[in-house]
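A short write-up of the structure that comes next.
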Amino acid sequence: MSDSPKTLLLVDGSSYLYRAYHALPDLRNGEGLPTGAIYGMINMLRKLRNDYPAEYSACVFDAKGKTFRDDLYPAYKEHRPSMPEDLARQIEPIHEAVRALGWPIVMVEGVEADDVIGTLAREASAQGVRTVVSTGDKDLAQLVNGEVTLVNTMSGEVLDPAGVQAKFGVPPERIVDYLSLIGDAVDNVPGVPKVGPKTAVKWLTEHGSLDAVMAGADGIKGVVGENLRKTLDWLPMARTLVTVKTDCDLGAAVSDFHSLKDVGEDKDKLVAFFSRYGFKTWLRELTGESLPSLRAQAAKGAGARAPQAQGGLFDSAPAATPADPVPAPDAPPAETRYETVTTEAALQAWLDRLAEGALVAVDTETTSLDPMQARLVGISLSLVPGEACYIPVGHCGPDVAGIEQHGQLTREFVLERLRGWLEDPARPKLGQNIKYDAHVFANHGVTLRGIVHDTMLQSYVLASHRNHGMDSLAERLLGIKTITYEEVCGKGASQIGFDQIDLARATEYAAEDADVTLRLHRAMFPQLQAVPGLEHVYRHIEMPVSVVLQKIERNGVLIDAQRLAEQSAQLGQRMLELEQAAYDAAGQPFNLGSPKQIGEILFGQMKLPVVKKTASGAPSTDEEVLQKLAEDYPLPKLLLDYRGLAKLKSTYTDKLPKMVNPATGRVHTSYGQATAVTGRLASTDPNLQNIPVRTEEGRRIREAFIAPPGRVIVSADYSQIELRIMAHISGDENLLGAFARGEDIHRATAAEIFGVEREAVSSEQRRYAKVINFGLIYGMSAFGLAGNLGIEREAAKHYIDRYFTRYPGVARYMEDTRQAAREQGYVETVFGRRLWLPDINGGSGPRRQAAERAAINAPMQGTAADLIKLSMIAVQDWLERDRLQTLQIMQVHDELVLEVPEAELELVKRRLPELMCGVAELRVPLVAEVGSGANWEEAH
DNA sequence: ACTGCTGCGTAC
DNA sequence: GACGTACGCAGCAGTG
């Protein structure tokens, strides 16, 4: 063994092509040519060159031509989809780039890349040269030994013999056996049916080798044993196919690996290439245009950033929506100065700048996406576009006392120095979804105050139907391709925490976020100010409610987990009984949770009539269908009952206890404030806006939403809010009159439609009227109404006509709204919130009709959302002003739920509905109904 | 194992 | 195609 063995670096180019193509977004250069795979490939080769200095290297690609495997097994790689067009167009450019970077390319006709790599690695080993193989393909793990290592450049994973053992459960020399057993679906090489990684490892561990497994096949029980015996004849062929050859004839061109030397970059070619494909950052590096020193320092050794967008990237905005400002195509790249703050002096310098009182963009990096669990890893700040700092406080390793550790200031020290500014309501702050950052600071005992702007909410108010993520906003409005979190931390199983990222790379990413947030504000806020209604919604509804939402989320709600567990047990018991009954009715067991299997039983075996089909053409088994079939057969009813119980158990009684935060003992939902296009909130993790209420069974879940001792739950909901808004907007005299007189609105509607006195309305008639009233809000057609009521379409049309005759203002409103939507491209709420409808003119028939229904619904749903948001702001303001102990804990679209000390109960029950009804003066009275109790069910 | 889609069902 | 806005479950197919 030599003191310094030489290294051969082999890149499995073919496997990386696909991975780079799929992993990266659809990048294109100025000519519209796809460049994502090219970019990924160059990036990867540069990184490899840096990480693994090698005396010899090559990039290996598959070549044309049949291989020995095709001859042995004609079905080899059959069914594999052909290469996507956009990738195929990048192959030639990739070869060109690889050559320009100085890498030898090896392609041998009739030999797969894997076999080329195997052969070269073996030759190298024979001559005492180490080999590093860079690949994303697990099959090559069979090549690993003392001299050959595998590296997955995209995940950073390095596999030596111990690594292979750890990853696969078998050593490298058993990988071939392992692959033979499980097969390779991608290459269309079958293994033993029903044998996956687990079974393969188990067998190989027990018997030692594939040969031994085959020899002992008779002793293996069960279906898998049966399958193994059936496959015995095939397995030798499978082994041959999955074995990488190490003795190929590579021809004269690559007679041995000594010829595989890096010839160095061809700068002229690279310059031409980078400019042709629009890789501006790399171009700048090559042509020596220096970057600002701090920026360059931050970028050192961390790979280049993605190329800048050049115009082809911008999705074309629907004609009717506001045009995004697009930067001039030849605008010079913005210069950036990003600083990593790791000393007391540097922190003080930033504190001095903060003291000047300008608007500051704030962003936090953390350990978790869960806002209540996230721990602070670093803070970034920006006061001037292009300039930002990153203050790391939690990178690598546990906390220790003092003001400095791991080359960073400690979290306690930084937060104490920043606390005065962070908590000062007079120091204006800006963020992108700053509600999240407020939670993070709160997790460390710091109350973020002075939140005046949020770019996510600006985007939402300007165009609620578009994306509001920072990366897409930056691209759309600034023409900047930002570093994504995924690029920094990876994704899926290989994702690592931000605290693991080195400070230079972390600064690049985090400081950019603060910088970009500030720049986005400067791009969007003037647009908001240009439309008074939008500025009003932003300033007086969205920004203040954001602060309230953060408090509500933090308050959380107390859950009686014990009670839910009991319910789960009962539900599970009854499900078992239903399951058995269903098996008996069907004559065989099947998965009751699988619509597909239900369909096979009902419509395949039992030949029941197909009532309707799903979107994909399969026979539907939804509630409506089962309901109908249940009239004539017993099984559908069992399935219906089972489904109802399964839903309750899986979604609610099992799930909610798992969502209890261990630190607070309560459930903390997150309200999405920029999710629903109409202005409504959305609740996630868990969704507390769809807790059952309609059935007796479901309502029991609400009994588990409780108050702690000495407190009660109070709930107040707006009565008929959307119909009231319809009356207000339409100005229909008849409808306004009914509300003014405080009538039961469905009864009044029934009296009008059926032409009877209020007192003479039957419950059936009232039910019809209720369905019609709801249908109107949703823009329902005669067809829909007929389906819903189970009546003829003609009859439904008759009722609708009758309705519009009695409420002509409503008919006028519907038509006016469609008209306005077509002319303006948007509709508005009473408070000026806009909903853009790109399909209202441009869309195809069905899409345009859907847009028309959305146009009719949005002003009502959106105004209701505006009203309850104003209520939440007013209620929170009142509670804090009067220093009450009452907490707001939930919002469910037209309902507010509070947790109230008994001493404040009477006050809250009186004042809460007053506040809710007083937030706006409409042409109809607003009515809120309030209730209280030991749990949500009692209060509702 | 992970991802994304389908089918279904819950809320207002 | 036919009723608007959401979230999330289990199953399942495709992919690594």
Side-chain angles (χ1 to χ4, degrees), chain A residues 15 18-19 22 79-81 136-139 152 155 184-186 196-198 464 491-495 591-599 613-626 639-640 643-644 646-652 654-655 669-672 675-695 698 701-702 717-718 721-722 771-772 774-788 793 796 835 844-862 864-865 868 891-895:
Chain A
S15 91
Y18 281 93
R19 302 196 55 183
H22 290 295
H79 308 307
R80 180 182 276 202
D137 187 347
K138 66 178 185 320
D139 297 5
N152 182 332
S155 67
D184 187 336
V186 178
K198 298 264 187 223
S464 68
K491 67 165 180 173
S494 59
Q495 187 172 31
N591 186 343
L592 275 72
S594 164
K596 192 181 163 201
Q597 293 187 30
I598 290 176
K613 297 196 169 175
T614 66
S616 62
S620 169
T621 68
D622 69 13
E623 183 183 352
E624 185 195 332
V625 169
L626 295 181
L639 296 175
L640 275 172
R643 275 226 186 117
K647 173 80 176 178
L648 291 178
K649 185 167 187 289
S650 66
T651 310
Y652 304 107
D654 283 352
K655 192 64 201 287
T669 187
S670 291
Y671 289 102
T675 304
V677 291
T678 54
R680 270 193 184 178
L681 300 176
S683 162
T684 56
D685 308 309
N687 181 356
L688 298 184
Q689 292 180 320
N690 71 345
I691 305 298
V693 71
R694 288 171 197 188
T695 64
I701 291 164
R702 294 192 172 217
D717 67 295
Y718 280 118
I721 185 72
E722 294 188 1
V771 172
I772 291 168
F774 278 114
L776 285 165
I777 293 170
Y778 300 145
M780 188 161 62
S781 64
F783 179 94
L785 182 64
N788 212 308
R793 199 203 306 202
L835 171 60
S844 60
R847 285 177 74 113
R848 198 181 61 246
Q849 285 171 3
E852 287 186 359
R853 293 191 294 273
I856 286 170
N857 173 257
M860 295 181 271
Q861 190 179 118
I868 196 151
Q891 188 257 43
V892 193
H893 307 307
D894 65 354
E895 175 187 10

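Just so we're on the same page: letters track the sequence lines, and every chain starts at 1. Bear in mind that the values here come from a model prediction, so they are computed numbers and not experimental data.
- Residues A/Y778 and A/N857 come closest through the heavy atom pair CD2-ND2, 3.5 Å.
- Atom CD1 of residue A/I868 and atom CD1 of residue A/I721 lie 8.0 Å apart, to the nearest 0.5 angstrom.
- The phosphate of C/dC12 (OP1 or OP2) has a side-chain N or O of A/Q597 nearer than 4.0 angstrom.
- Here the CG atom belonging to A/L681 is positioned 10.0 Å from the OG1 atom belonging to A/T669, to the nearest 0.5 angstrom.
- Rounded to whole angstrom, the span from the NZ atom of A/K649 across to the C1' atom of C/dA10 amounts to 13 Å.
- Counting any heavy atom pair closer than 4.0 Å across all strands shown, A/K655 reaches sugar-phosphate atoms only and no base atom.
- The side-chain heavy atoms of A/V892 and A/L688, taken from C-beta on, include no pair separated by under 4.5 Å.
- Backbone-only engagement by A/E623 is indicated by non-hydrogen atom pairs under 4.0 Å involving sugar-phosphate atoms exclusively.
- Checked by atom type and distance alone, the side chain of A/E722 never pairs as donor or acceptor with a backbone atom of A/M860 at under 3.5 Å.
- Proximity of A/K596 to the phosphate of C/dA10: no side-chain N or O atom is located under 4.0 Å from OP1 or OP2.
- Of all nucleotides listed (C/dG11, C/dG4, C/dG1), C/dG11 comes nearest to the side chain of A/S594.
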All N/O pairs under 3.5 Å across the protein-nucleotides 5-7 of chain C interface:
| from | atom 1 | to | atom 2 | distance (Å) |
| --- | --- | --- | --- | --- |
| C/dT5 | O4' | A/Q861 | OE1 | 3.1 |
| C/dT5 | O4' | A/Q861 | NE2 | 3.2 |
| C/dT5 | O2 | A/R680 | NH1 | 3.2 |
| C/dA6 | OP1 | A/V677 | N | 3.0 |
| C/dC7 | O4' | A/N687 | ND2 | 2.8 |

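- Atom CD of residue A/Q689 and atom CD of residue A/Q891 lie 5.5 Å apart, to the nearest 0.5 angstrom.
- To the nearest angstrom, C1' of C/dG4 lies 15 Å from CD of A/Q849.
- Rounded to an integer number of Å, the gap from CZ of A/R853 to C1' of C/dA2 is 6 Å.
- A/R643 comes within 4.0 angstrom of the backbone, heavy atoms only, and of no base.
- Going from atom CG of A/L626 over to atom CG of A/L640 covers 4.5 Å, rounded to the nearest 0.5 Å.
- Taking every nucleotide of DNA chain B with any atom under 4.0 Å from a non-hydrogen atom of chain A, the first and last of them, 5' to 3', are B/dA1 to B/dC12.
- Distance check on atom C1': C/dG1 versus B/dG9 gives 22 Å, rounded to whole Å.
- Using a 4.0 Å heavy-atom distance criterion, A/F774 is classed as making no nucleic acid contact.
- Partners of A/K649 according to the salt bridge (Lys or Arg N to Asp or Glu O under 4.0 Å) rule, which considers only residues two or more places apart in sequence or in another chain, are A/D654.
- Note on A/N591: only backbone sugar-phosphate atoms sit closer than 4.0 angstrom, heavy atoms only; bases stay farther off.
- If you check every strand for non-hydrogen atoms under 4.0 Å, A/L688 touches nothing.
- The structure places OH of A/Y718 at 14.5 Å from NE2 of A/H893, a figure rounded to the nearest 0.5 Å.
- Taking both residues in full, the closest heavy atoms of A/R643 and A/I598 are given as NH2-CD1, 3.7 Å, listed atom of the first, atom of the second, then distance.
- Across all strands, A/G784 comes closer than 4.0 Å only to sugar-phosphate atoms, never to a base (heavy-atom distances).
- A straight line from CD of A/E852 to P of C/dG1 spans 17 Å, rounded to a whole angstrom.
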